[in-house]
Amino acid sequence: MKRSVNIKYFLLIIFFVFNSFSVSTSIRDLNHGDIDTEERLNKDVPLVFYPEAATLRVNEKLDSLFARYNKRYDFHGSVIVAKKGKVIFKDHYGYADFKKRSKIDDTSIFQLASVSKQFTAAAVLILYEDGKIELDDKVTRFFPEFPYQEVTIRQLLNHTSGLPKYFWLAEHKWDKEHVPSNGEMMKMMSEHDVQRFFSPGANFDYSNTGYFVLASVVEKVTGKAFGDFVKDKIFDPLYMKDTFVYRFEKDEIKDGQLSGYRVYRRRWHARIGGTVNDGIVGDKNVYSTTEDMMKWINGLNSGEIISRKTLDEMYTRGETKYKRKVPYGFGFRIKEDDNGKVVYHNGKWNGFSTSLMQYTDEDLVVITLEHSNYNSMKTLNQKIKSIVDQNFDLPVE
């Protein structure tokens, strides 16, 4: 009888251990995107808003600010402001299509420009946590023909690699009718071996090249197109339904996808077309909305994409091989000023001006996306921050 009881207890323990393992595995799989495609498409995680009564004053001030910037400074874009993960203010201003005079709305999707880099960094960190790469791996581990020896993944992430500008290669050495892909640009770099700016790790120099190389590493390790990988591992798990990677001449333009504009003769808005550099991804070419970007930041900061330990490293300033701190973590710029620690990134490309600001000490997020070549994002962010500080108090719960 005693032996029978012991066997029952043993089987019960095995049952609980197995189920605990299954639960933890399913949570990790969900965090890294391995969930059913149909389930992803049929679900959503709506944003949470503060009560209208609590935000009335700050909304009036912010709406007045953006209406003025639309009229006086040609601002045409979307904005969202949130505190502690909940939305204070969300609205759109100006035109989506200047010829048709159609308005920007919730369906308008913006090119993020360099704000795209945080997704590239997150993709790399997912592979790091999965044991597929190490941050101090050399690029030559994945691309043996890569001509810049000793450059590491970490140096690419924090812009201390010293790599030359791939823009120059594309604009001066590319001689085919189609725009180059990441793979073709990696081959060009191996063939031409343009002189680097400095030895790996010696200095900080903001590098679009570094982030296109990182996206290429992601493609090599996973065997997937970069856009497919971040969709599976980031966009779909966070229900970012209007976010995608777009490659000029290779991908179809989606509904709501905006073009960038520039002011022509101080009066007309001229649509900006694609360039020879627009087939390259990793440094740019993620398209999104303010609502999806808010889902991204909430998901990233809550540990749904990478662990909190890795997130802390993402939000920590890197350093050169001489131990000098640089103003960049992994995919984000980092500074400390009167506002405390600010984790942020701005972007500018083909008429799009974008910004994502995280004032971490106050848990305040400001996301601004614009597509008419607006030129004063720094000043605008300062005004937004000032208005929120002066006109919004957390409601008593």
Side-chain angles (χ1 to χ4, degrees), residues 30-33 35 40-41 43-49 77-90 106-126 129 157 211 214-215 218 226-246 254 256-257 281-308 310-312 314-315 329-334 342-347 352 354-360 363-370:
L30 179 62
N31 287 350
H32 280 189
I35 57 177
R40 297 172 189 169
L41 296 175
K43 284 190 175 182
D44 198 0
V45 180
L47 299 180
V48 179
F49 289 72
S78 299
V79 61
I80 196 165
V81 180
K83 196 172 182 72
K84 296 189 179 299
K86 296 170 67 173
V87 178
I88 297 171
F89 176 81
K90 174 179 177 289
D106 283 340
T107 66
S108 302
I109 306 172
F110 296 79
Q111 151 82 272
L112 296 181
S114 284
V115 175
S116 303
K117 289 181 172 68
Q118 55 204 252
F119 295 108
T120 306
V124 169
L125 295 174
I126 287 170
E129 289 196 336
L157 284 166
Y211 270 74
L214 286 170
V218 170
F226 177 72
D228 292 337
F229 182 77
V230 292
K231 181 178 188 299
D232 289 343
K233 300 297 184 180
I234 301 175
F235 303 156
D236 284 354
L238 297 180
Y239 307 104
M240 298 167 65
K241 296 183 178 181
D242 295 312
T243 304
F244 52 87
V245 175
Y246 172 75
K254 298 182 183 294
Q257 183 174 341
V281 300
D283 59 326
K284 60 187 179 315
N285 279 344
V286 174
Y287 279 71
S288 190
T289 64
T290 52
E291 183 166 330
D292 272 7
M293 291 301 290
M294 195 65 235
K295 292 178 182 179
W296 153 245
I297 285 299
N298 282 345
L300 179 66
N301 289 342
S302 63
E304 294 180 53
I305 299 301
I306 55 177
S307 69
R308 294 185 184 277
T310 303
L311 181 66
D312 286 343
M314 191 180 202
Y315 286 175
F330 297 158
F332 288 93
R333 292 184 182 271
I334 299 165
V342 186
V343 178
Y344 72 105
H345 217 296
N346 296 324
F352 289 90
T354 59
S355 177
L356 188 153
M357 307 290 295
Q358 294 190 81
Y359 302 93
T360 60
D363 202 354
L364 176 68
V365 174
V366 178
I367 301 167
T368 311
L369 307 178
E370 204 273 349

Close side-chain approach of [X] and [Y], heavy atoms under 4.5 Å:
X	Y	result
I305	I234	yes
Q111	S116	yes
M314	F332	yes
V245	Y287	no
L112	K284	no

Check your understanding: Can you name the one residue among F229, W296, F119, F226 that meets ring pair (Phe, Tyr, Trp, His ring centres under 6.0 Å) with F235?
Key -> F119
Quick one: [atom1] on [X] to [atom2] on [Y], what's the gap to the nearest 0.5 Å?
X	Y	atom1	atom2	value
L214	K117	CG	NZ	10.5 Å
R333	L356	CZ	CG	13.5 Å
I109	S78	CD1	OG	10.5 Å
L369	S288	CG	OG	7.0 Å
K86	L47	NZ	CG	12.0 Å

How close do [X] and [Y] get, heavy atom to heavy atom, and via which atoms?
X	Y	answer
I334	G329	CD1-N, 3.6 Å
N298	E304	O-OE2, 4.5 Å
G331	H345	O-CD2, 3.3 Å
T120	A215	CG2-N, 3.9 Å
I297	Q118	CD1-OE1, 4.3 Å

Practice item. Say whether, by atom type as modelled, one donor and one acceptor occur between the side chain of Y359 and the main chain of V365 under 3.5 angstrom. Key: no
Point to revise | Donor-acceptor under 3.5 Å (D292 side chain, T243 main chain) | key: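 Yes; at least one donor-acceptor contact below 3.5 Å.
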Review point. Does K90 count as lying over the ring of F49, i.e. NZ or CZ under 6.0 Å from the six-ring centre, within 45 degrees of the axis?
Key: no
Residue from [options] passing side-chain contact (heavy atoms from CB on, under 4.5 Å) with [X]:
X	options	result
K295	T289, L300, D44, T290	D44
M293	V115, I80, V286, D242	V115
Q358	N301, V342, L364	N301

